[in-house]
Amino acid sequence: MQETTATAQAMNVLKDIQGAVFTKAEPEVKLAHIMQILAQSFKADATACYVSVDDNYLELLSQYGLEGYPHKGNIRYGEGFIGEIAASQRSLFRTGIADKTFKMSKAFKAALGAPLLRWNRTFGTIIIIHKDEHQYTQTDVETLETVALFLTSVLSSDEMLEYKKKLVKSRGLKVKDHLKGVILNKGYGIGHAVVHQRRQALTKIFAENKQAELDRLEDAKERMNKSLDEKFNATRLGIGEHTDILETYRMFAKDKGWYQKISTHIENGLTAEAAVERAYEDTWNRLSASSDIYLKERLHDLRDVADRLRTFLSGEDNKSEAPQRYDDIIIVAQTMGPADLMDYDYKKIRGLIIEEGTPTMHVAIVAKALNIPVIAKIRGIFKDVKEGELLGLDGQEGFVYIDPPEDIIQKFKSRQKNMSLLLEQLKALKKYPNKTLDGTRINLNINVGLDFDFDYLDSTKCDGIGLYRTEIPFMSSESMPDVEKQIGFYKKLMDKAGNKRVVFRSLDVGSDKRLPYWSDMKEDNPAIGWRSIRITLDRRAILRKQMKAFLRAAAGKELNVMFPMIASLEEFLDAKETLMLELEKEKKKGENVPSKVRVGLMIEVPSIIFQLDDVLQYADFISVGTNDLAQFIFACDRGNPRITDRYDVLSAPFLRVMKTIVEKADAAKVECSVCGEMASNPVEAMVLIGLGFRKLSVSGSAYGPVKSMIRSLRVQDIAEYVKTLLKSPKKSLRPQLIAYAHDHGIAI
């Protein structure tokens with residue numbers, strides 16, 4: 001009964017307020033009328049509306065009944081009753097209040113207030129005030145909260161926002177014109193908002209003609225995959241994790257098993273659209289309970305493939321998804337798949353805002369490869385932002401500006417220009433050696449995965465390929481590649497590399513990298529389960545075939561093979577023996593073999609560090625995979641957004657582990673490199689050099705920035721500074737290291 005009473009009371013108040021809003025009066029007149037309506041509706045003596053002007057203060061926008069009474073026009077968050085509502089973002093009431101706590105007037109004895117919330121942030125507060133003692137009911141609270149919800153939308157209109165700016169400016173204050181989010185990729189962007197939205201409700205569930213639905217499915221599948229191939233091939237993304245993501249996405253889009261499930265649902269009487277949705281739901285229900293963050297990201301990709309297929313089934317694919325009238329756009333999405341970004345002309349994209357984004361979200365990784373700044377975690381922006389509204393995205397500080405003023409626009413344009421000049425300077429770096437200012441030579445390699453990644457061999461003039469992800473051809477094939485097919489993959493790279501060294505990583509599948517032609521291997525903790533070298537040692541025929549393909553592809557040249565996920569000396573010796581036995585077989589057959597065979601391993605599992613002295617007696621080289629190593633050392637799932645910020649590779653414990661590894665390798669005179677993500681970040685690569693690493697393997701897109709850092713660095717200085725930090729108790733040394741780089745002119 002109380003709920004009905006509150007609703008009825010709120011409806012009556014809103015009806016009167018709407019009448020005031022839709023008049024042709026000036027904004028201040030409308031607001032004054034609304035304040036009066038509120039006072040009359042609640043039988044109050046006064047009302048007030050405060051709005052946020054920045055992240056710390058509220059300013060009085062309009063009031064009724066306060067004339068002649070001393071009151072504060074400017075209130076800090078957390079200050080007194082009004083400030084407490086703004087800071088806590090919840091409704092409050094006070095009775096028997098005094099001037100000391102209310103910060104308004106001794107004349108008032110009771111007040112009820114509710115927050116105005118926009119994008120999950122305090123937009124302002126609305127207050128009703130009584131001169132005499134007054135008891136507020138739950139109905140009063142609920143009614144005012146409903147009114148506050150409506151008032152937020154009223155005050156967010158262009159008319160009211162403009163009035164707010166003028167009013168606050170007239171009082172010598174600056175209006176809060178930006179929202180704080182989480183940075184997923186740095187950079188600056190100015191552009192018009194384009195709201196990304198695809199999924200449509202099902203309008204027809206049951207099919208009238210099963211064969212017609214099957215034909216529609218086949219046609220949509222062919223057109224969708226052709227479109228995806230064209231998009232992916234036309235977008236030169238370079239090297240890195242994003243290429244793995246897009247190829248896995250394309251694998252989903254072509255998966256025969258999934259289409260068979262859809263066809264079965266059509267045979268059972270569903271329309272093609274409904275069958276797509278049912279097939280997705282079946283997969284989601286089966287796998288969504290998994291705690292594996294990587295698997296969940298793959299399910300998000302499958303969601304996007306399903307939505308895309310439904311778009312092609314409906315014929316909506318022929319419609320342009322981005323307004324063509326804008327040359328500069330900032331995409332605002334609640335969530336997106338990695339291929340969604342390519343529905344837009346990426347040359348026009350100046351920024352991406354993802355309401356539900358995380359650092360491991362696949363679209364964010366692809367955007368990073370395209371040098372698009374990305375900001376996430378601005379709640380409600382997807383619903384409230386207006387199509388075409390001018391936005392400014394500051395990917396250095398994490399702010400999004402709504403209708404930014406001219407000075408902000410000019411500042412962003414200047415910074416964009418500076419970044420463009422920097423990119424041009426980085427291109428020119430390829431003709432210079434990878435030497436520090438004090439003459440130390442750093443061996444700088446690249447990581448590759450797909451054919452078009454090989455272009456970086458020429459464009460960067462890198463020292464070689466420090467990591468070739470051999471699982472990518474396996475993941476993009478419809479069946480297990482035989483020896484001849486593998487030889488084709490590997491020889492193509494060897495020929496392209498010429499005299500440059502190539503390091504092949506043996507098959508690294510399992511966990512988040514699943515092969516479509518293998519049975520699904522359910523595990524509670526796949527990241528530390530049956531994966532990588534553990535699979536290939538158990539299925540030795542796969543390992544032997546790959547070793548044979550390596551040997552034949554590198555005939556007459558130096559062959560470098562690296563085994564991943566090695567947890568013990570025995571595992572390494574077992575894997576190495578498999579390679580050497582295949583080498584002896586090739587020699588006995590009279591085959592042309594490599595001129596030299598070097599065998600190494602990745603340092604990813606902490607246990608191997610305790611056997612490193614012994615391992616180094618048998619290894620020709622080692623390479624640190626910092627992604628997994630950090631994950632295992634901190635017992636921290638690097639894909640879990642709740643804890644990604646809790647631990648940092650730039651902390652004393654992890655840096656001491658890295659220092660131990662490189663010192664042991666140097667003492668044994670064994671080549672030691674870093675091929676994980678840590679090497680691809682300039683500030684982290686700077687620290688690695690300070691620890692003693694002289695060989696790095698980076699993503700293609702990171703090659704220029706890392707090389708620029710190397711050429712602005714003095715090794716002796718950074719080594720001494722890093723040494724002073726190794727006993728620090730701080731969970732992250734990143735701020736100090738960034739400050740050091742800026743103070744010493746190091747390009748990070």
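Side chains included, hydrogens not; waters and symmetry mates left out as well; all remaining heavy atoms used.
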**Message:** Working note: Leu117 + Thr152, criterion side-chain contact (heavy atoms from CB on, under 4.5 Å); need CA distance, chi angles, decisive distance, verdict.
**Reply:** CA-CA 7 Å; Leu117 301 177; Thr152 302; 5.7 Å; no

**Prompt:** How long is the gap from CG on Leu352 to NE2 on His196, to the nearest 0.5 Å?
**Reply:** 9.5 Å

**Request:** Any chance you could measure Arg90, atom CZ, to Leu92, atom CG, to the nearest 0.5 Å?
**Result:** 5.0 Å

For the backbone of [Y] and the side chain of [X], can you confirm whether one donor and one acceptor N or O come within less than 3.5 Å of each other?
X	Y	answer
Thr47	Met35	yes
Asp328	Ile190	no
Glu277	Ala274	no
Glu67	Gly65	yes
Ser732	Arg734	yes
Gln63	Leu66	yes
Ser651	Tyr647	no
Ser91	Val141	no

Return the minimal non-hydrogen interatomic distance between [X] and [Y], and the atom names on each side.
X	Y	result
Val400	Ile378	CG2-CD1, 3.5 Å
Leu184	Ala376	CD1-CB, 3.8 Å
Pro373	Arg350	CG-O, 3.3 Å
Cys49	Leu116	SG-CD1, 4.1 Å
Asp648	Lys731	CB-O, 3.9 Å
Val195	Glu387	N-OE1, 3.2 Å

**Message:** Tell me if the CZ atom of Phe123 is crowded by more than 12 foreign heavy atoms within 6.0 Å.
**Reply:** yes

**Request:** Output yes when Glu84 and Arg94 qualify as a salt bridge under the 4.0 Å nitrogen-oxygen rule, no when they do not.
**Result:** yes

**Request:** Go through the steps to decide whether Ile34 and Leu151 satisfy the test side-chain contact (heavy atoms from CB on, under 4.5 Å), and finish with yes or no.
**Result:** CA-CA 9 Å; Ile34 290 171; Leu151 273 182; 3.9 Å; yes

Counting C-beta onward and ignoring hydrogens, is there a side-chain heavy-atom pair between [X] and [Y] closer than 4.5 Å?
X	Y	value
Ile748	His742	yes
Met224	Thr311	no
Leu61	Tyr50	no
Thr143	Thr146	no

**Request:** Report the C-alpha distance between Tyr136 and His134 in whole Å, list the side-chain angles of each, state the deciding distance to 0.1 Å, and finish with yes or no for ring-ring contact (aromatic ring centres under 6.0 Å, His included).
**Result:** CA-CA 6 Å; Tyr136 298 104; His134 187 86; 4.8 Å; yes

**Request:** Could you tell me whether the side chains of His33 and Tyr64 share a donor-acceptor contact shorter than 3.5 Å?
**Result:** no

**Request:** Apply the test side-chain contact (heavy atoms from CB on, under 4.5 Å) to residues Val194 and Val332: give CA-CA distance (whole Å), side-chain angles for both, the deciding distance (0.1 Å), then the verdict.
**Result:** CA-CA 6 Å; Val194 172; Val332 182; over 6 Å; no

